Number of protein chains: 2
Amino acid sequence: MPMVRNTKQRQAVLEVLRGARTHPDAAWIHGEVRRALPNISLGTVYRTLDALARDGVIMTIESAGQATRYDYKHDGHAHHHAVCRGCGAIFDIDAALIAPPPAPSLPVGFQVMDVRLEYHGICPACASQKH
Amino acid sequence: MPMVRNTKQRQAVLEVLRGARTHPDAAWIHGEVRRALPNISLGTVYRTLDALARDGVIMTIESAGQATRYDYKHDGHAHHHAVCRGCGAIFDIDAALIAPPPAPSLPVGFQVMDVRLEYHGICPACASQKH
DNA sequence: ATAGCTGCAAAACGTTTGCACTAGT
DNA sequence: ACTAGTGCAAACGTTTTGCAGCTAT
């Protein structure tokens, strides 16, 4: 198995993600990390985010037709998301308010790494500007 | 409000989607629809899928780094998905086996159009070829 | 008649990758 | 020293879009 190195790029990306109050995409993260490491490349940001997601440190949120958003898993405090179909805004929902999903009939041998519950719809802001 | 036309392109795309036993992407759908309408363009397929998704007739499944998959909502027979992180394969899960999600603390005024529950992980095939 | 819809092709977009080099272990 | 990680830039695959012509209403 591969050894994982603790580079400043990885630290910086994680730091930005941990401090983010939103659910940023790779480009935004790149811009923020640049303030600490001006020469970091977007490619490295993607590679780092990929690794962090595979390690389960962060999670990804894919919205149709929009850039993938990334979400730091704060101290195992699980939460789900409400995704606006109009503007792509993402709202956090405390998982504690939702009953834990029961074990369903998954394919035999399927190893679950992540359960995600998403409410898709229209946020108030987008609903009001509709005609 | 915009009028929706019942073109043969739209009919054909819907027909293919209804008969699909898998969760195809736009390119596959395009190939299939071509058998009925050889001149239909990929752009039209995308525009049609977009409209159908907005109407709630079909749903989209976004996997990280892979093409968006489309899923016809058969007669309101709701189901959820298990998505393989390795190969992108999607397995259906009967929603009847899962407790109905309780009303959570959504943003005030948020109109829910779709609730999706996804189990992300590794399918048996991908797990066996790992070392 | 009049918009909506289409085909085409080009472009935009997010993301990945090959390479030579750097740096963590 | 060894090799994972990096910066750069080019390439990739998916999706969108401008436009002129077509077609359902």
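A, B, ... follow the sequence lines: proteins, then strands. Residue 1 opens every chain. If you're wondering where the values come from, they're calculated on a predicted model, not measured in any experiment.
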Under the rule for salt bridge (charged side-chain N to carboxylate O under 4.0 Å, His left out), what residues qualify as partners of A:R18, not counting sequence neighbours?
A:E15
Which nucleotide in the list D:dG5, D:dT6, C:dG7 gets nearest to the side chain of A:T48?
D:dT6
Determine the interplanar angle of the B:H81 and B:H23 rings, folded into 0 to 90°, and report it as parallel if under 30°, tilted if 30 to 60°, perpendicular if over 60°.
perpendicular
Residues which pass salt bridge (charged side-chain N to carboxylate O under 4.0 Å, His left out) with B:D92, listed by chain and number, not counting sequence neighbours
none
What does the inter-axis angle of the helix from C:dA1-D:dT25 to C:dT25-D:dA1 come out as, five pairs per end, nearest 10 degrees?
50°
Under 3.5 Å, sequence neighbours excluded: what are the donor-acceptor pairs made by side chains of residues 53-62 of chain A?
unit_1	atom_1	unit_2	atom_2	d
A:R54	NH2	A:D50	OD2	2.8
A:T60	OG1	A:E62	OE2	2.8

Let me know the distance between NE2 of A:H30 and P of D:dT6, rounded to the nearest Å.
12 Å
Please compare B:D50 and B:N6 by the position of their nearest nucleotide in DNA chain D and report the one closer to 5'.
B:D50
Sorted by position of nearest nucleotide on DNA chain C, 5' first, the leading residue of B:A64 and B:L37 is B:L37
According to salt bridge (charged side-chain N to carboxylate O under 4.0 Å, His left out), who are the partners of A:D114, at least two apart in sequence or on a separate chain?
A:R116
Between A:R69 and A:G88, is there a donor-acceptor pair closer than 3.5 Å when you use the side chain of the first and the backbone of the second?
yes
When the distance from CD1 of B:I40 to P of D:dC22 is rounded to whole Å, what number comes out?
18 Å
Sequence neighbours left out, cut at 3.5 Å: what donor-acceptor pairs do the side chains of residues 6-13 of chain A make with other protein atoms?
unit_1	atom_1	unit_2	atom_2	d
A:N6	OD1	A:Q11	NE2	3.3
A:T7	OG1	A:R10	N	3.2

Write out a two-atom table: protein N or O, nucleotide N or O from nucleotides 11-15 of chain D, distance below 3.5 Å.
unit_1	atom_1	unit_2	atom_2	d
D:dT15	OP1	B:T68	N	3.0
D:dT15	OP1	B:T68	OG1	2.9
D:dT15	OP2	B:Y46	OH	2.4
D:dT15	O5'	B:Y46	OH	3.3

Residue mapping more 5' on DNA chain C - nearest nucleotide basis, A:T44 or B:T7:
B:T7
Partners passing salt bridge (charged side-chain N to carboxylate O under 4.0 Å, His left out) against B:E118 (at least two apart in sequence or in another chain)
none
Show me, pair by pair, the donor-acceptor contacts under 3.5 angstrom made by side chains of residues 29-39 of chain B, not counting sequence neighbours?
unit_1	atom_1	unit_2	atom_2	d
B:H30	NE2	B:I40	O	2.8
B:H30	NE2	B:L42	N	3.4
B:E32	OE1	B:R35	NH2	3.4
B:R34	NH1	B:P38	O	3.1

Quick check for you: among C:dT25, D:dG7, C:dT6, whose closest atom lies nearest to any side-chain atom of B:Q9?
C:dT6
Rounded to whole Å, please give me the gap between CG in B:N39 and C1' in C:dC5.
15 Å
A:T44: which residues meet the side chain to side chain donor-acceptor pair (under 3.5 Å) condition with it, sequence neighbours left out?
A:S41
In the hydrophobic clustering that connects Ile, Leu, Val, Met, Phe, Trp and Tyr at side-chain heavy-atom distances below 4.5 Å, which members other than B:I122 occupy its cluster, ordered by chain and number?
A:M113
Produce a footprint string for nucleotides 18-23 of chain C: one letter per nucleotide, 5' end first; B if the base is under 4.0 Å from any protein heavy atom, S if only the sugar-phosphate is, - if neither.
B----B
